[in-house]
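One structure is given below, encoded as structure tokens.
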Number of protein chains: 2
Amino acid sequence: MSRYSNPTMKDVAREAGVALGTVSKVINNQPVGEEYRIKVENAIKSLDYKVNTYARGLKTKQSYTIALILPDIINPFFASIAHYTELYLFELNYKLMLCCSQGKCEKELFYINMASQNKVDGIIALTYSDISSYVSEDLPIISIDRHFNNTVLCVASDNYTGGYLATEKLIGAGCKHPVYIRTGSVVYGETNKRKYGYLDACEHNGITPDILDLTDGDDTIECFRNFLEQSYERKDVPPIDGIFTVNDYLGFQLIEYLHSIHKDIPEDIQLVGFDGIQHFGSLGYYMSTIAQPVERIAKACVDILLSPDKSKYPNPYLLPVEYKYGGTTLL
Amino acid sequence: MSRYSNPTMKDVAREAGVALGTVSKVINNQPVGEEYRIKVENAIKSLDYKVNTYARGLKTKQSYTIALILPDIINPFFASIAHYTELYLFELNYKLMLCCSQGKCEKELFYINMASQNKVDGIIALTYSDISSYVSEDLPIISIDRHFNNTVLCVASDNYTGGYLATEKLIGAGCKHPVYIRTGSVVYGETNKRKYGYLDACEHNGITPDILDLTDGDDTIECFRNFLEQSYERKDVPPIDGIFTVNDYLGFQLIEYLHSIHKDIPEDIQLVGFDGIQHFGSLGYYMSTIAQPVERIAKACVDILLSPDKSKYPNPYLLPVEYKYGGTTLL
DNA sequence: CTGAAAGCGCTAACAT
DNA sequence: ATGTTAGCGCTTTCAG
């Protein structure tokens, strides 16, 4: 790999016939006499000078780089978080370092280390593992959707309201037996509040709640099939006619299965997902869903991370969700 | 933002009772007496010392960071490029800086500048703008899918064969009037070879080619509707019964429209896309498609970029594609 | 094989 | 307001 030896500030100073400090001041927008400024600016242009970010970082201990830790970048929900985060960071002159942790704690820790090396100025993390024990008090880190404790500030959707809203929609659209189906890690997180929203909405509407809780490693479709069959055999409850899934990803899998057994959606069973994922990012929703305000989440993370006083933000910091019709419900 | 003052090499040297240079040698795996090595390693552990990458970079001019420039990260095809690139880079101890250019040349140039500042060691770029004029001979940059000239090495799928394959599939499945529909930037790129594959496949099978070329700003669906209607009115050619789209994104839009006018797919019209995008990254193909070998593309980019001798690679560097059945064709 | 010291390019404190 | 200089933490040369 070829390496460059670019012009340095010293070269600029010589070319402009001024002192090193003056060049530095011009570059950092500090007061400098007009004629000097012009001389320096010309020299910068003619030499095509660019500041060496290493040398600067060595002094200032700032990298203007934020690390974003995501389980992966293929899931469209995570991708859109990355998208908005990058856009907003760039506006603020920050760069984004991307880490796809694949849930591997070691990889997450690697990036946390980078932060303590000042290689990145801060971390935005959406992680399944409880990293809070590795995070020191003053490490600039924001967690998305996972509320570990009070040392790590968490930005999340209003999951409780989302769960409540989804359930109310199903009930309002005529469902007599709406169930909640969740999957994923068992680490306590914000996401669990979706369940509480579901439970409360059931209670307020006089409906007996019914939950299918899939753990990692379970065969999703197999478990769902059993769940469905057992439910249809029972005579004490109405047949399942509504499903609220913890996310769109799971919702999509169930829809595929339901189609394969010739259930009509939304006629036989209505379904509401969570996340608000669209085809190709913008070509319409996969299903009726509770859409997370991804852009606002990304901005909030950045704003809080770069804010000098994090204590003024509530923890968790909740953002409102919205119901989106996507063809899998009657309303 | 709080900044850390971490232990430095000097601290380690003092703690271990050795000289600074010795510590450096231990860290960089250079020959050091065994007892010294142990003393240093213990000191490193007890102080929780980590090298400061700025100071190191200032000397070595290496950042172990690669910038990936993508139009955006929401498009699942780009997302999967990012995914595999990050994974492979991490294996090699490199970090990934993500740039969503949104096709903005200025944003791309910003990252190209970073490379000349040695802030990143190299760039992998998938861009619509012709950046070749801004790229100096020795800038370590690899282009994906865009072949500008011989100074910038390009990694791409075998687009010609892909186009040929898609067309042959349609014809083999009985299509008498397969059309090619493309959209997007008019910058000459590898992608255009998909068209030549289509043209040659038509010729070899005695079929008159028929192409709809949408330019940016056109209303895709409106143009397609006109194209379809005009074609059905003509009596000199069979009705359109096959479509090869330049990518899955466009294919998806056309499928939605065709459904809306009650055309059955694949019975009335068969369709083959390009890219190989799957629902949620892994839950099945949107349509029959020519799948790009994304993982191999990502690896090739990284390997070539980090290779000391780029001249040993052909330009463009082509990787094989594969036809994937996805329900929108008869075969 | 180890220790001392120069210097990477920059910022910031200080002297002018 | 501008010039001078120390020093950030590291690598690397050179002397011991």
Side-chain angles (χ1 to χ4, degrees), chain A residues 3-41 43-44 47-65 113-121, chain B residues 1-41 43-44 47-65 113-121:
Chain A
R3 301 280 98 224
Y4 304 97
S5 59
N6 288 319
T8 73
M9 254 185 187
K10 215 166 153 184
D11 298 323
V12 175
R14 192 179 338 100
E15 172 85 11
V18 303
L20 192 62
T22 310
V23 179
S24 174
K25 276 171 195 146
V26 170
I27 282 165
N28 295 294
N29 282 315
Q30 283 167 30
V32 166
E34 197 51 26
E35 44 183 335
Y36 282 82
R37 154 159 279 119
I38 293 177
K39 276 196 281 186
V40 170
E41 278 165 356
I44 287 175
L47 293 177
D48 193 28
Y49 167 80
K50 316 208 180 72
V51 287
N52 178 318
T53 34
Y54 286 115
R56 174 181 274 174
L58 183 56
K59 285 298 280 191
T60 63
K61 298 189 184 300
Q62 276 210 257
S63 59
Y64 285 92
T65 301
N113 271 340
M114 296 221 319
S116 16
Q117 286 170 63
N118 294 318
K119 172 92 199 185
V120 299
D121 292 345
Chain B
M1 173 128 347
S2 68
R3 302 280 99 225
Y4 304 96
S5 58
N6 289 320
T8 73
M9 255 186 186
K10 215 167 153 184
D11 299 323
V12 175
R14 192 178 337 103
E15 173 85 10
V18 303
L20 193 62
T22 311
V23 178
S24 174
K25 275 170 196 147
V26 170
I27 282 166
N28 295 294
N29 283 315
Q30 283 166 31
V32 166
E34 196 50 26
E35 45 183 332
Y36 282 82
R37 154 159 280 118
I38 292 178
K39 277 196 281 186
V40 170
E41 276 166 355
I44 287 175
L47 293 177
D48 192 27
Y49 166 81
K50 317 213 178 69
V51 288
N52 178 318
T53 34
Y54 286 115
R56 174 180 275 175
L58 182 55
K59 286 298 281 191
T60 62
K61 297 189 185 301
Q62 276 209 258
S63 59
Y64 285 92
T65 301
N113 271 340
M114 296 219 320
S116 16
Q117 286 169 64
N118 295 319
K119 172 91 197 184
V120 299
D121 291 345

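Letters A, B, ... mirror the listed sequences (proteins, then strands); counts begin at 1. All of these numbers come straight from a predicted model, not from anything done at the bench.
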If I take atom [atom1] in residue [X] and atom [atom2] in nucleotide [N], what distance separates them, rounded to the nearest angstrom?
X	N	atom1	atom2	result
B:Arg14	C:dA4	CZ	P	14 Å
A:Leu20	D:dA6	CG	C1'	12 Å
A:Tyr64	C:dT11	OH	P	11 Å
A:Asn29	C:dA12	CG	P	13 Å
A:Tyr54	C:dC10	OH	P	14 Å
B:Gln62	D:dC10	CD	P	17 Å
A:Glu34	D:dT2	CD	P	10 Å
A:Gln30	D:dA1	CD	P	12 Å

Please tell me which of the listed nucleotides, [options], lies nearest to the side chain of [X]?
X	options	result
B:Val32	D:dG3, C:dC10, C:dT2	C:dT2
A:Tyr49	D:dT11, C:dT11, C:dC10	C:dC10
B:Tyr36	D:dT11, D:dG3, C:dG3	C:dG3
A:Lys25	C:dT2, D:dT11, D:dT2	D:dT2
A:Lys59	C:dT11, C:dG7, D:dT12	C:dT11

Is there a side-chain contact between [X] and [Y] (heavy atoms, below 4.5 Å)?
X	Y	answer
A:Tyr54	B:Lys59	no
B:Asn29	B:Arg37	yes
A:Val40	A:Val32	no
A:Asn52	A:Thr8	no
A:Met9	A:Ile27	yes
A:Asn28	A:Arg56	yes

Quiz item: What does B:Gly21 touch in the nucleic acid at a heavy-atom separation under 4.0 angstrom: a base, only the sugar-phosphate, or nothing?
Solution: base

Quiz item: Under 4.0 angstrom, heavy atoms only, what part of the nucleic acid is B:Thr8 near: base, sugar-phosphate, or nothing?
Solution: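 The residue B:Thr8 makes sugar-phosphate contact but no base contact.
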
Please check the phosphate of [N] (OP1 and OP2 only) for any side-chain N or O of [X] closer than 4.0 Å.
X	N	value
A:Thr22	D:dT2	no
B:Ser24	D:dC10	no
A:Asn52	C:dC8	no

Practice problem: For A:Arg56 and for B:Ala19, locate the closest nucleotide of DNA chain C by heavy-atom distance; then report the residue assigned to the nucleotide nearer the 5' terminus. | Solution: B:Ala19

Quiz item: Which residue lies toward the 5' end of DNA chain C, A:Asn28 or B:Val18, if each is placed at its nearest nucleotide?
Solution: B:Val18

Practice problem: Please confirm whether any donor atom in the side chain of A:Lys61 sits under 3.5 Å from an acceptor in the base of D:dG9, or the reverse. | Solution: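 Between D:dG9 and A:Lys61, which were checked side chain against base, a qualifying N/O pair under 3.5 Å is absent.
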
